[in-house]
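Written out below as structure tokens is the structure these notes cover.
In what follows, every chain begins at residue 1, and chains take the letters A, B, ... in the order their sequences are listed.
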Amino acid sequence: MTTTAISVPRTTFRAATRQARIDLRTNLLTGTGVFYLLGPVVVIVMMVVLRNVSVMDSQITLAQTFLPGMLALSVIAGCVTGLASELMMEREDGTLLRMKAVPHGMPGFLLGKTLTQLLLNLIVLFLMLIPAAIFFPSVAPASFAGWMAMTGILILGVAAMMPLGALMGALMRNMMQLSIATLGTYGLAAISGVFYPLAALPGWLQVIGQIFPMYWLGLGFRQVLLPAEAAMLEIGGTWRTVEMLIVLGIWTLIGLLGAPRALRRMIRGVSGSKIVEARERVLSRGY
Amino acid sequence: MASFDAGAPAIRTRGLQMRYGDNHVLRGIDLEIARGEVLVLLGPNGVGKTTTVEILEGFRAPSAGEVEVLGVNPATADDAWRAQVGIVLQSWRDHAKWRVRELLDYLGDFYAPYSGDVQRPWPIDDLLASVGLSDDADTKVSELSGGRRRRLDVASGLIGRPKLLFMDEPTAGFDPQARRDFHDLLGSLSDVDTTIVMTTHDLDEAEKVASRIVVLADGGIIADGSPDSLRRLKFGKAEVSWFDGVRRVIHATDDPVEFLRGLLADPSAHVEQLEVRRNSLEDVYLTLMARSKEVSAR
């Protein structure tokens with residue numbers, strides 16, 4: 001039978017959307033979906049607990065700063081450490097090798113991953129924002145433009161953090177390194193203004209916190225969610241929008257420069273014998 | 001599409017070498033595989049079967065030597081070449097949460113641009129029926145038994161209707177019926193000119209499916225030929241046995257045809273339940289292995 005062939009970009013995109021659809025389903029509509037619902041519950045509970053705790057004697061409550069901080073944390077946990085651990089697993093279970101064996105498999109696979117991360121993070125954002133908006137109207141975006149801005153910053157954040165996650169996943173050699181990186185990410189949350197404004201911390205911790213992207217992503221979310229006077233609580237007393245874009249831009253650049261090379265090296269390295277080794281290790285040690 | 005002369009061999013290697021440090025896994029493999037051949041690679045574990053196949057698949061660069069697969073060097077081949085090569089590996093545990101049909105649909109998407117002489121991808125329902133997975137189309141991959149998971153792997157290697165198919169231990173974990181079905185499937189594939197290169201530990205299987213068997217040991221090819229010609233290697237004689245009315249007679253001979261001619265022409269001989277048992281492939285294989293050990297011990 002002779003049929004007309006369809007173009008490569010079209011089929012690659014079709015495969016990628018199929019992959020994203022299936023991965024979203026297996027993530028959200030199965031047992032693991034509970035974890036995605038847990039996030040919003042934690043946020044609401046914490047906001048209720050913290051609703052009367054004011055930040056540095058201002059009119060702003062910790063409940064208000066907690067939400068944007070959690071949003072930044074969830075983007076980074078998903079796109080950096082989450083993606084890194086996914087890639088590590090997919091290197092060992094044969095997913096990457098399978099995609100390598102398929103024409104245009106790797107670009108299709110990475111595009112699918114990007115779509116999945118983007119949609120997953122958008123869903124998590126709205127899962128947190130919508131209940132917050134219902135219970136704490138003062139914390140939610142005040143206008144349609146505000147909602148759009150939140151979506152925009154989230155997409156920027158995902159775009160900036162995914163290459164970093166890919167880079168990390170490609171460089172990591174074992175679960176131990178990954179556990180350390182994951183712990184580090186949560187440690188970073190403590191000095192990134194997720195739980196308390198960075199301005200209240202000692203100067204050297206402020207410097208460290210400002211090196212990493214989590215603080216800046218949180219700052220972007222705070223700018224949209226909090227009233228203008230909340231800027232007083234930030235370092236320098238302003239939202240530093242330009243600096244935020246520059247720092248996130250630099251991290252994007254690091255990821256974009258490093259990730260393709262590291263990914264190519266990692267992909268070159270996967271082979272059938274490595275997968276066999278990994279399977280035997282999993283069978284004997286359990287991880 | 002990669003330009004590929006229809007008359008050229010599917011695979012050609014010359015002086016293929018692979019070493020890891022001081023360890024010479026392959027010491028110079030010269031191999032030519034014609035289109036439509038079903039070639040089975042035999043050899044003990046760690047002899048370089050997987051390395052050889054991985055070089056041919058383009059997943060590994062040799063330390064030295066030339067390789068041409070479907071007319072191009074697999075290490076630098078493009079996606080059009082990839083579309084003509086199917087691969088079934090041993091230890092895939094991927095896409096555990098997906099359903100069988102989802103995975104095949106997804107993999108099939110990538111082959112759609114390469115439809116031409118035949119429809120690509122292979123229509124999923126036909127493919128599922130061919131590998132005997134029709135009832136499992138909506139089963140979660142992680143819930144498949146070992147043998148059924150293997151059938152899915154085979155299906156995923158076939159989804160693009162490859163011109164050349166590599167399979168590493170494809171029937172590990174198959175029950176006898178599944179194995180028989182699989183052999184029939186291989187037969188129908190080589191009818192449509194698919195070249196197949198596979199490894200197995202099952203010598204019966206090798207004998208059944210192979211048009212040619214290559215035995216690797218000590219980094220080189222120590223035997224190469226059809227299952228028939230390998231069995232006739234002069235390590236042993238054929239056994240002719242028959243019932244002469246009183247007891248079973250067994251006679252060992254190098255030339256059973258000549259012997260039978262004489263036996264049957266003899267009017268005084270009583271011959272019932274005649275059987276000719278030739279050297280089994282297993283006998284030959286084990287002898288080859290023992291010899292190669294002697295050689296390397298020297």
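- For the atom pair OG1 (B/Thr13) and CD1 (B/Ile29), the distance works out to 7.0 Å, reported to the nearest 0.5 Å.
- You'll find the ring centres of B/Trp122 and B/Tyr111 outside the 6.0 Å limit.
- Contacts with chain B were tallied for A/Lys100, A/Arg98, A/His104, A/Arg14; A/Arg98 has the most, counting heavy-atom pairs under 4.5 Å.
- In terms of heavy-atom pairs under 4.5 Å with chain A, the best-connected choice from B/Ile87, B/Asp94, B/Ile159, B/Thr51 is B/Asp94.
- For B/Asp168, no part sits under 4.5 Å from any heavy atom of chain A, backbone or side chain.
- Between B/Tyr106 and B/Phe110, the gap from one ring centroid to the other is short of 6.0 Å.
- The shortest distance between side-chain heavy atoms of A/Met106 and A/Leu96 falls below 4.5 Å.
- Side-chain atoms of A/Asn121 come within 3.5 Å of backbone N or O of A/Gln117 as a donor-acceptor pair.
- Contacts between A/Met99 and chain B at a heavy-atom distance below 4.5 Å involve the side chain alone, from C-beta outward.
- Residue contact with chain B, scored on non-hydrogen atoms closer than 4.5 Å, involves the backbone and the side chain of A/Phe109 alike.
- Heavy-atom distances place the side chain of A/Arg25, and not its backbone, under 4.5 Å from chain B.
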